[in-house]
Peer 1: 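Before I ask anything, let me first share the structure, which is written out below as structure tokens.
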There are 2 protein chains.
Amino acid sequence: MDNEFGQIKRVAHLPTRIASEFAKRIYDGSLKAGEKLPTEHALSKSFGVSRTVVREAIAQLKSEGLVETRQGVGAFVMKRPDRQIQLDDAKSMDKNDFQSLYQLRIPLEMEAAALAAVHHTEEHMAALSAALVRICNTEDWGNSGVAADLDFHRIIAESTGNDYFSQFVGAISDRISHVIVIARTEGQLEDVISRTVEEHTAIRDAIRTKDPVMARAAMRRHLIGSALRIGLSIEFYS
Amino acid sequence: MDNEFGQIKRVAHLPTRIASEFAKRIYDGSLKAGEKLPTEHALSKSFGVSRTVVREAIAQLKSEGLVETRQGVGAFVMKRPDRQIQLDDAKSMDKNDFQSLYQLRIPLEMEAAALAAVHHTEEHMAALSAALVRICNTEDWGNSGVAADLDFHRIIAESTGNDYFSQFVGAISDRISHVIVIARTEGQLEDVISRTVEEHTAIRDAIRTKDPVMARAAMRRHLIGSALRIGLSIEFYS
DNA sequence: ACTTGTAATGTTGTCGGACAACATGATAGG
DNA sequence: CCTATCATGTTGTCCGACAACATTACAAGT
């Protein structure tokens, strides 16, 4: 009987309870993007709390990106972010972080190329070729050049037919793109550009053959070359 | 001159401005975990706003997990979540989702094994062996058995010396663990258990040899076996 | 008929006061 | 030294008021 009176749970903070209630409805689809929430006055009546509590609940939901408010109009459910994966970007990335994330990118991109070889559609191939043209045609090897390059990789990930590859590769690309821009700006040579274009072309062509081993090897070759060009010390065991 | 009067920015919502100010200080390290924020009264004085605005700002910070409040005491900066990657878990995972995420897990876990072979310490090996003992000794193949299994994999990821592997593998494990529990509960045989234990042992031993190729192959063998045992249709191109 | 201006009404944003509930520290009594 | 009480401080909730914004309806002018 030594804990007969223990474990009495404190009643949760009212705004948090109300915010959770709405979060649940938003997540389970009962409340759709664009839908207007009841007014603060109505909510305070229906929940039997003061308007202050309602406002603090809405402040929480706003902070979570689930609703937005318009003064004089009301609170509206926001469109859920498509991205199922979020990479923390609060802290800027040092060289070591970048290398570590790039190391993790290697197996993902290689596997993505293999899966893309098996699962791509004609539309994917067309998009890949268009992205290749953008890589070749870029006049700014830094900013739009990197964007075109990473777009090529995103299309490959989409060609896998596996949404997780698409999302992980997308999230990683977003996180590393700024660093790659800097690395490229600091050392661009005509020889480097033509080699990069050649490597991307080889990947596109390998994927087209529908041979996952070849596609994977072409991506491996590119990633090795790319790492060397931007001065990374990456380990390749596959 | 067609947009001379456009782009007039509305002044931002006061609670959001104050919340952002504190978020910035928390992220840049000026405010450390455990530190107490000034009282609501002090904040309303120093920012020149009402207490309501301060409270709504704090509600936002609470929602973002940056601060916690204790009634009668104050608001405290929370320890930053270690996890730099978040996988959305609002929606439950169907068989297809699970297969897709498992497919993505394959290259990561194989590469992690290879890197662990190169970078592990004696402590990592001891932790791996202890996790192996927990796998062998589990009496509940479903719940604690899965936890022990995924712990083994997390330790391998930590042994890579690359924090991103640790975090990605951790995030994926958290997301799939519940599904694996169900899959295991639905079909456990003595033969399956001994085979799983043998595969984990082989991984541990291969990592110990410091040969990344062997470690990678042992992990591959286990992941193929594991996928077959839980009825997944996974592609292996590496 | 169309456009512009104004008024009325509704809704969110902010302010300030009051009290409840909790927490902490100091002091008195046993 | 330990326990109980009191005083003070802080967060949580409620309430009323007004500011700022938004929408709709109506009237006046062209």
Peer 1: Check this for me: does any side-chain nitrogen of one of A:E21 and A:R25 sit under 4.0 Å from a carboxylate oxygen of the other?
Peer 2: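 Judged by the 4.0 Å cut-off on N to carboxylate O distance, A:E21 and A:R25 do form a salt bridge.
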Peer 1: Which letter, B, S or -, goes with each nucleotide of nucleotides 9-14 of chain C from 5' to 3', with contact meaning a protein heavy atom under 4.0 Å?
Peer 2: -BBBBB
Peer 1: Tell me every residue that passes side chain to side chain contact (heavy atoms under 4.5 Å, CB included) with B:R51, counting only those two or more places apart in sequence or in another chain.
Peer 2: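 Partners of B:R51 under the side chain to side chain contact (heavy atoms under 4.5 Å, CB included) test: B:E40, B:R55.
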Peer 1: Are any of the side-chain heavy atoms of B:H124 and B:L128 separated by less than 4.5 Å?
Peer 2: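 No, too far: nothing below the 4.5 Å cut-off.
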Peer 1: Distance only, no hydrogens: is a donor on one side chain within 3.5 Å (strictly under) of an acceptor on the other, for A:E235 and B:H119?
Peer 2: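 A:E235 vs B:H119: donor-acceptor pair found between side chains.
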Peer 1: Could you list all the salt bridge (charged side-chain N to carboxylate O under 4.0 Å, His left out) pairs where at least one residue sits in residues 98-109 of chain B, not counting sequence neighbours?
Peer 2: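 Passing the test, one end in residues 98-109 of chain B: B:R105-B:E109.
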